[in-house]
Colleague: 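One structure, as structure tokens, below. Some questions next.
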Amino acid sequence: DPNFAPAWIGIAETHTRMDWYGLEPASEAVPAVKNALAAALRLQPNSAPALCSLAITQAGWDWDWIAAGSTFERALATGGGQAVIHFHYGLDFLTPQGRLEEALRELRFALQLDPLSPLAKTAVGGCLYRMRRWSESEETLRAVLQSNPGFGHLHWSLGRVLLEKGQHDEALKRFEYAAKIMGQIPAALAELGHCYARMGRRELAHCTLQELQRFAGQGWVSPLNAALVYAGLGEEAAAIEQLENAFEERIRQLVWVNVDPRYDSLRRNEDFNRLVSQLGLVATGR
């Protein structure tokens with residue numbers, strides 16, 4: 001039914017998720033998302049989910065933070081009781097800008113609206129991680145683990161926190177388990193490679209880079225995957241090169257490097273800060 005707006009919104013959300021997990025390049029995802037949302041908004045101009053998806057696009061791919069803020073305001077005005085709106089407002093708009101206290105409030109409110117959502121629970125822990133509140137983040141994520149042990153993204157998030165706390169062996173187990181759940185997708189390999197690098201297991205980290213190259217030979221792979229491994233290895237020039245490639249390809253996840261602890265070693269690099277500026281963001285300087 002081409003006149004059923006929720007189906008168009010679902011198509012847009014699917015391509016957005018494909019991009020998020022590095023399974024579809026922005027060159028394919030963005031046109032599909034924008035075309036689907038245009039159809040949805042022609043049918044339902046005040047649809048809060050459609051406006052929310054549009055705001056995500058304006059922030060993550062267009063880097064138009066003024067337009068994204070305005071569209072999120074419209075989405076909140078028409079669908080403020082929907083957890084997904086507050087979730088994405090906190091994660092996709094406030095977080096990249098470094099407005100983490102505000103983001104945490106929005107994510108916690110989303111969790112109040114949808115208390116059984118493992119994604120919302122994990123996002124709260126992820127926000128605390130970006131705030132460098134390691135112990136609170138770990139406590140939050142371990143609570144999610146009790147009720148949702150099969151949620152792969154949770155194991156990524158917990159592994160990242162444990163890595164920062166120096167609990168390398170347990171962190172590695174989390175990344176390995178996530179890869180088992182989610183499959184050997186490039187994003188899972190990158191998480192493992194970064195962990196190997198931080199543990200000083202450089203040979204294994206470089207093996208994951210070779211695996212990523214093998215994937216690239218079979219199809220598209222996000223440059224952010226290699227950037228993450230190189231950042232862990234301390235190979236700054238290579239990491240910056242891959243981040244610049246991600247910029248050229250307009251990879252949506254790039255906006256989160258501004259607050260991602262895994263890139264803290266690059267924050268004094270002029271090229272890194274110029275890249276952040278080109279995204280329309282103000283470097284956090286953490």
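Scope of the values below: all heavy atoms of this structure, side chains included, with no hydrogens, waters or symmetry mates.
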Colleague: Is the shortest side-chain N to carboxylate O distance from R132 to D264 below 4.0 Å?
Modeller: yes
Colleague: Check the angle between the aromatic planes of Y89 and F93 and answer parallel, tilted or perpendicular using the 30° and 60° thresholds.
Modeller: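 It falls in the parallel class, under 30°.
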Colleague: What's the spacing between D169 CG and M199 CE if we round to 0.5 Å?
Modeller: 4.5 Å
Colleague: Any heavy-atom pair between the side chains of Y263 and L243 that's under 4.5 Å?
Modeller: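 With C-beta onward as the side chain, the pair touches.
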Colleague: Is a side-chain donor-acceptor pair under 3.5 Å present for H194 with R198?
Modeller: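 Checked: R198/H194 side chains pair up, N/O donor to acceptor below 3.5 Å.
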Colleague: Measure the NE2-CG distance between H88 and L51 for me, rounded to the nearest 0.5 Å.
Modeller: 13.5 Å
Colleague: Holding to side-chain hydrogen bond (donor to acceptor under 3.5 Å, both in side chains), I want the full list of residues that pass it with N269, two or more places apart in sequence or in another chain.
Modeller: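 In terms of side-chain hydrogen bond (donor to acceptor under 3.5 Å, both in side chains), with neighbours along the sequence ignored, N269 is linked to E236.
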Colleague: About how many Å separate CG of L128 and CG of L141, when rounded to the nearest 0.5 Å?
Modeller: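 Reported to 0.5 Å precision, the distance equals 8.0 Å.
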Colleague: Check for me whether the distance between the ring centres of W156 and F175 falls short of 6.0 Å.
Modeller: no
Colleague: Determine whether the aromatic ring centres of F247 and W63 lie less than 6.0 Å apart.
Modeller: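 Ring-ring flag for F247/W63: true, centres closer than 6.0 Å.
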Colleague: For the aromatic rings, using the six-membered ring if either is Trp, is the centroid distance between W256 and W20 under 6.0 Å?
Modeller: yes
Colleague: Is the shortest side-chain N to carboxylate O distance from R142 to E170 below 4.0 Å?
Modeller: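 Yes, charged N to carboxylate O under 4.0 Å.
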Colleague: Calculate, to the nearest 0.5 Å, the distance between atoms CZ and NE2 belonging to F151 and H153 respectively.
Modeller: 6.5 Å
Colleague: Could you go step by step and tell me if H155 and E191 meet the side-chain hydrogen bond (donor to acceptor under 3.5 Å, both in side chains) rule?
Modeller: CA-CA 11 Å; H155 293 276; E191 296 281 354; over 6 Å; no
Colleague: Filter on side-chain hydrogen bond (donor to acceptor under 3.5 Å, both in side chains), then keep only pairs touching residues 218-229, sequence neighbours left out; what's left?
Modeller: W220-E249
Colleague: Mind checking salt bridge (Lys or Arg N to Asp or Glu O under 4.0 Å) for R214 and listing every partner two or more places apart, or none if nothing turns up?
Modeller: E211
Colleague: What verdict does the salt bridge (Lys or Arg N to Asp or Glu O under 4.0 Å) test give for E164 and R262, after you've listed the backbone C-alpha separation in whole Å, the side-chain angles of each residue and the deciding distance to 0.1 Å?
Modeller: CA-CA 9 Å; E164 296 300 334; R262 296 172 297 178; over 6 Å; no
Colleague: Considering only NZ, NE, NH1 and NH2 on the basic side and carboxylate oxygens on the acidic side, decide whether D62 and K34 come within less than 4.0 Å.
Modeller: yes
